[in-house]
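Computed from heavy atoms alone, side chains included, the values below leave out hydrogens, waters and symmetry copies.
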Amino acid sequence: MRKGKIVINEDRCKGCFICISQCKVKEIEKSNKVNKYGQVVVEFKNLGKCNACTLCAISCPDAAIEVYEIIEEKV
Amino acid sequence: MKEKIIYKKPDSLTDINFSYCPGCGHSTVHKIIAEIVDELNLREKIIGVAPVGCAVFAYNFWNFDVSEAAHGRTPAVATAIKRVLPDRLVFSYQGDGDLASIGMAEIIHTANRGENITVIFINNTNYGMTGGQLAPTTLLSQKTTTSPYGRDAKNYGYPVKMLELLSPLEGVKYLERVKVTDAASVIKAKNAIKKGFTYQMQNIGFSMIEVLSSCPANWRKEPVEANKLIDEEIVKVFPLGKIKDIK
């Protein structure tokens with residue numbers, strides 16, 4: 001299974017939590033942080049279950065999520 | 001270990017944050033239009049026309065040419081731009097108060113003339129910007145600030161189904177209704193808008209895509225619940241899918 005990670009742009013996140021409802025592996029959760037506009041933002045849990053499916057990023061209204069695929073190099 | 005970026009904010013969006021409420025469908029539609037512009041490499045070729053309403057600041061968010069029009073007159077301005085610059089791709093972006101109420105005359109005549117433009121119609125069943133008043137598209141028994149006991153057909157009439165209204169007109173070539181409540185529906189909406197743009201590039205004629213969008217602030221709901229309301233209730237009144245496709 002491919003591995004991935006997401007990076008959340010906290011200045012763009014408005015805390016609608018649609019990404020949490022879309023994530024199939026429950027890798028995103030509500031954080032305790034507040035951004036400069038006073039919105040509660042989400043955070044990436046990084047449990048190693050993310051498979052870079054991009055569902056969270058596609059459904060994010062504010063384009064606040066970047067998705068990376070992690071490619072392990074063969075030795 | 002290498003990291004390969006597979007999804008990022010489209011380049012056709014500026015760094016200015018959207019002025020929309022959290023979870024608003026306008027933001028999603030802005031994003032997918034910007035993605036299509038990037039994918040089809042249209043940034044120097046496309047001209048949008050922004051409406052009056054929540055999306056009035058659309059020209060701040062898109063990194064391509066956007067004009068502004070008086071309330072409801074977006075299709076008329078888009079017609080003018082398309083006739084003067086026929087090699088450009090022109091789209092009109094409108095909300096339901098703008099298109100179905102004050103701009104009803106403009107949209108019907110533009111459609112009837114079969115102007116070669118694409119109209120993107122955001123239907124959130126109320127006047128979002130001014131505080132959630134009753135719009136022509138408000139559902140029966142839906143409570144708004146100007147129908148506090150719910151819309152009843154005797155006083156306010158029935159919700160206007162714009163696509164069904166326009167479909168008999170001969171100038172109209174492509175009509176589709178989509179929603180943007182989850183990742184799958186966002187992809188479908190993107191394909192529909194892309195098809196509208198492609199038809200315009202092939203000089204096929206007038207196309208309109210209606211997007212059922214949530215308005216969490218005025219519906220007094222959490223964004224996820226508001227999306228659920230679209231999935232369960234609103235699609236029964238405004239059925240999804242192609243209403244007309246000439247091809």
Asks: Could you tell me the separation between the OG1 atom of B/Thr28 and the CD1 atom of A/Ile58, rounded to the nearest 0.5 Å?
Replies: 12.0 Å
Asks: Hey, does the side chain of A/Gln22 reach the backbone of B/Ala183 with a donor-acceptor pair shorter than 3.5 angstrom?
Replies: yes
Asks: Tell me, yes or no, whether the heavy-atom count around B/Lys244 atom NZ, taken from other residues, nucleotides or ligands under 6.0 Å, exceeds 12.
Replies: yes
Asks: Side chains of B/Glu3 and A/Ile71: does their closest heavy-atom pair fall under 4.5 Å?
Replies: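 No, too far: nothing below the 4.5 Å cut-off.
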Asks: Determine whether a donor-acceptor pair (N or O, by modelled atom type, separation under 3.5 Å) exists between the side chain of A/Asp62 and the backbone of B/Ser27.
Replies: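 Flag not set: sc A/Asp62 to bb B/Ser27 has no pair under 3.5 Å.
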Asks: For A/Glu69, which atoms come within 4.5 Å of any heavy atom of chain B: side chain, backbone, both, or neither?
Replies: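 It is both, since atoms from each part get that close.
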Asks: Taking the side chain as every heavy atom from C-beta outward, state whether B/Lys9 and A/Arg12 have any pair of such atoms under 4.5 Å apart.
Replies: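 Side-chain contact under 4.5 Å: yes.
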Asks: Can you see which heavy atom on B/Pro10 is nearest to which on A/Ala63, and at what distance?
Replies: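 For B/Pro10 versus A/Ala63, the nearest heavy atoms are CD-CB, 4.4 Å.
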Asks: How long is the gap from OH on B/Tyr7 to SG on A/Cys56, to the nearest 0.5 Å?
Replies: 9.5 Å
Asks: Heavy-atom distance under 4.5 Å to chain A: side chain of B/Ile32, backbone, both or neither?
Replies: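 Looking at B/Ile32, nothing touches chain A.
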Asks: Any idea which of B/Val224, B/Val180, B/Asn227, B/Asn17 has the most non-hydrogen atom pairs under 4.5 angstrom with chain A?
Replies: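 The candidate making the most pairs under 4.5 Å is B/Asn17.
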Asks: To the nearest 0.5 Å, how far apart are OH in B/Tyr20 and NZ in A/Lys14?
Replies: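 B/Tyr20 atom OH to A/Lys14 atom NZ measures 8.5 Å (nearest 0.5 Å).
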Asks: Considering only heavy atoms, which portion of A/Lys3 lies under 4.5 Å from any heavy atom of chain B: side chain, backbone, both, or neither?
Replies: neither
Asks: Measuring heavy-atom distances to chain B, does A/Ile65 have an atom under 4.5 Å in its side chain, in its backbone, in both, or in neither?
Replies: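 Interface part for A/Ile65: backbone (N, CA, C, O).
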Asks: Do other residues, nucleotides or ligands put more than 12 heavy atoms under 6.0 Å from the NZ atom of B/Lys188?
Replies: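 Open: at most 12 neighbouring heavy atoms sit under 6.0 Å from NZ of B/Lys188.
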Asks: Ignoring hydrogens, what is the shortest heavy-atom contact between B/Gly23 and A/Ile18? Give both atom names and the distance.
Replies: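 What the structure gives for the nearest pair is CA-CD1, 4.0 Å.
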Asks: Less than 4.5 Å apart, side chain to side chain, heavy atoms only: is that true for A/Tyr68 and B/Ile6?
Replies: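 A side-chain contact under 4.5 Å is absent here.
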Asks: For atom NZ of B/Lys195, is the number of surrounding heavy atoms from other residues, nucleotides or ligands below 6.0 Å larger than 12?
Replies: yes
Asks: Check whether B/Thr181 gets within reach of chain A through its side chain, its backbone, both or neither, counting any heavy atom under 4.5 Å.
Replies: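 Contact with chain A is through the backbone of B/Thr181 alone.
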Asks: Step through the shown structure and confirm whether more than 12 heavy atoms of other residues, nucleotides or ligands are within 6.0 Å of CG on A/Asn46.
Replies: yes
Asks: For each of B/Lys31, B/His26, B/Met1, tally heavy-atom pairs with chain A at distances under 4.5 Å, and name the one with the top tally.
Replies: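 It is B/Lys31.
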